[in-house]
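First comes the structure, then the notes that go with it.
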Amino acid sequence: MGESNGPMGKNKLKNESGFTLLEVVAVLALAGLITAVITSSFLQSAFTQRQLAQRTTALILGEGKLAELLNEAELDTAAKFQEPFNNYSWSAQTEALGNGMIAVELTVKWSGGDGKPRQKIFKGITWER
């Protein structure tokens with residue numbers, strides 16, 4: 001007579017298959033590790049993108065303000081930029097170089113996404129008028 005599983009199912013068939021608890025735990029641990037790495041990479045990428053956007057904005061604002069200062073279209077020496085860029089501020093210093101030339105140094109300041117202060121310095125030369 002052949003083997004019988006009986007009412008309690010004590011005898012197992014030789015072709016029974018499945019995953020062991022150890023294999024399931026290993027796969028879950030690996031999936032968790034991969035998820036953590038991907039999440040960390042995404043967060044770092046988003047932070048870097050925000051910083052780059054802030055620097056690009058400061059560069060555009062600074063170049064425009066420097067052009068205004070060099071062409072004497074701006075008479076102030078410090079102010080905040082207008083909305084929606086009021087979290088950026090600027091200050092300018094001039095220095096007479098002689099021979100009718102004037103050096104202009106413009107500093108644009110803003111607060112980074114991490115709360116640390118940032119700044120970009122622009123320099124230009126113009127003629128006395």
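Excluded from the calculations below are hydrogen atoms, water molecules and symmetry mates; all remaining heavy atoms, backbone and side chain alike, are included.
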Q | Full working for side chain to side chain contact (heavy atoms under 4.5 Å, CB included) between Thr20 and Val24 | A | CA-CA 6 Å; Thr20 65; Val24 172; over 6 Å; no

Q: Give the cluster check for Leu59 versus Leu70: same hydrophobic cluster or not, with ILVMFWY residues linked at side-chain heavy-atom distances below 4.5 Å.
A: yes

Q.
If hydrophobic clusters are built from ILVMFWY residues whose side chains come within less than 4.5 Å, do Trp127 and Ile125 share one?
A. yes

At what distance, to the nearest 0.5 angstrom, does [atom1] of [X] lie from [atom2] of [Y]?
{"X": "Glu105", "Y": "Phe122", "atom1": "CD", "atom2": "CZ", "value": "11.5 Å"}
{"X": "Ser89", "Y": "Gln119", "atom1": "OG", "atom2": "CD", "value": "9.5 Å"}
{"X": "Leu66", "Y": "Thr126", "atom1": "CG", "atom2": "OG1", "value": "9.5 Å"}
{"X": "Lys123", "Y": "Leu106", "atom1": "NZ", "atom2": "CG", "value": "11.5 Å"}
{"X": "Leu30", "Y": "Ile34", "atom1": "CG", "atom2": "CD1", "value": "4.0 Å"}
{"X": "Glu128", "Y": "Leu97", "atom1": "CD", "atom2": "CG", "value": "9.5 Å"}

Q.
Is there a side-chain contact between Thr39 and Thr35 in this structure, where contact means two heavy atoms from C-beta onward sitting under 4.5 Å apart?
A. yes

(Q) Could you tell me if the side chain of Thr57 sits less than 4.5 Å from the side chain of Trp110, heavy atoms only? (A) no

Of all the heavy-atom pairs spanning [X] and [Y], show the shortest one and how long it is.
{"X": "Ala92", "Y": "Leu69", "result": "CB-CD1, 3.6 Å"}
{"X": "Val108", "Y": "Ala58", "result": "CG1-CB, 4.2 Å"}
{"X": "Trp90", "Y": "Asp76", "result": "CH2-O, 3.3 Å"}

Looking at [Y], is its backbone amide N or carbonyl O close enough to the side chain of [X] to form a donor-acceptor pair, meaning the two atoms are under 3.5 Å apart?
{"X": "Asn99", "Y": "Met101", "result": "no"}
{"X": "Ser45", "Y": "Ser41", "result": "no"}
{"X": "Gln54", "Y": "Gln51", "result": "no"}
{"X": "Asn71", "Y": "Ala67", "result": "yes"}

Q. Should the heavy atoms of other residues, nucleotides or ligands under 6.0 Å from CD of Glu83 be counted, would the total exceed 12?
A. yes

Q | Flag if over 12 foreign heavy atoms under 6.0 Å of CD, Gln93 | A | no

Q: Please work out whether the ring planes of Tyr88 and Phe81 are parallel, tilted or perpendicular, with thresholds of 30° and 60°.
A: perpendicular

